Undergrad: 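Sharing a structure, written as structure tokens. Questions coming.
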Amino acid sequence: MKKADKEKKLTVLGKETVFDGFLKFTEDLHIQGSFSGAIDAQGFLLIEKGAVCRTQYIRAASIIVEGTVYGSLTAADKIEMRTGSVVRGDIRAARIKIADGVSFEGALHMIRDTSGVDSSLFSMQPEQLKQKLRS
């Protein structure tokens with residue numbers, strides 16, 4: 001296998017970037033700037049320190065928040081909120097880590113059994129997702 005095949009692709013929305021709309025990706029994404037809209041992804045998402053996301057929802061495989069998020073977060077694996085981050089919205093994940101010094105307002109919902117969650121999890125509307133996770 002070639003070295004390029006082994007490397008993960010990374011997209012970065014830089015500090016000066018302002019994005020408004022719907023974002024869908026399968027690899028890793030780092031947000032350093034400002035984002036408004038919705039994120040529906042199968043990859044890893046890092047919201048870096050200084051970044052501000054105002055979203056309808058964020059769905060990704062796993063999410064690390066170092067910046068500020070206004071909106072709900074759903075991850076098939078884990079959500080980590082690091083020191084200094086601000087999250088205003090509900091959290092749903094199999095694993096959740098909240099560091100000291102995090103400002104969080106919302107509800108936490110643990111996904112107990114991810115084996116029953118199919119790959120279409122991230123293409124569902126929020127109400128469909130809630131119904132599927134309840135069953």
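What you see is a predicted model; the values in this text were computed from it and never measured.
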Undergrad: Going by heavy atoms in the side chains, are Thr11 and Phe25 under 4.5 Å from each other?
TA: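 Side chain of Thr11 against side chain of Phe25, heavy atoms only: no contact under 4.5 Å found.
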Undergrad: How long is the gap from CG on Leu45 to SG on Cys53, to the nearest 0.5 Å?
TA: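 These two atoms lie 7.0 Å from each other.
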Undergrad: With Gln32, which of Lys15, Glu16, Glu48 fulfils side-chain hydrogen bond (donor to acceptor under 3.5 Å, both in side chains)?
TA: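 The single option meeting the side-chain hydrogen bond (donor to acceptor under 3.5 Å, both in side chains) with Gln32 is Glu48.
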Undergrad: Side chains of Ile91 and Ile98, heavy atoms from C-beta outward: is any pair under 4.5 Å?
TA: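 Of all side-chain heavy-atom pairs linking Ile98 with Ile91, none is under 4.5 Å.
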Undergrad: What's the spacing between Ser34 OG and Phe19 CZ if we round to 0.5 Å?
TA: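 Going from OG on Ser34 over to CZ on Phe19, the span is 11.5 Å.
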Undergrad: Would you compute the distance between atom CD1 of Ile39 and atom CG of Leu29 and round it to the nearest 0.5 angstrom?
TA: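 CG of Leu29 is found 6.5 Å from CD1 of Ile39.
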Undergrad: Hey, is the main chain of Ser103 close enough, under 3.5 Å, to the side chain of Arg88 for a donor-acceptor pair?
TA: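 Side chain of Arg88 to backbone of Ser103, a donor-acceptor pair under 3.5 Å: yes, one is there.
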Undergrad: By the side chain to side chain donor-acceptor pair (under 3.5 Å) test, which pairs, at least two apart or in different chains, include something from residues 60-69?
TA: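 For residues 60-69: Glu66-Arg82.
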Undergrad: Between Val69 and Ile63, is any pair of side-chain heavy atoms under 4.5 Å apart?
TA: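 No, too far: nothing below the 4.5 Å cut-off.
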Undergrad: About how many Å separate CD1 of Ile96 and CG of Leu73, when rounded to the nearest 0.5 Å?
TA: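 The distance works out to 9.5 Å.
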Undergrad: Looking at side-chain heavy atoms only, is the closest gap between Ile47 and Ile58 below 4.5 Å?
TA: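 With C-beta onward as the side chain, the pair touches.
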Undergrad: Look at the side chain of Asp90 and the backbone N and O of Ala107, then say whether any donor-acceptor pair between them is shorter than 3.5 Å.
TA: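 The answer is yes, because a donor-acceptor pair under 3.5 Å joins these two groups.
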Undergrad: Phe44 vs His30 aromatic rings, parallel, tilted or perpendicular, using cut-offs 30° and 60°?
TA: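 It falls in the perpendicular class, over 60°.
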Undergrad: With side chains defined as the heavy atoms from C-beta onward, is the minimum distance between Leu46 and Asp28 less than 4.5 Å?
TA: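 Side chain of Leu46 against side chain of Asp28, heavy atoms only: no contact under 4.5 Å found.
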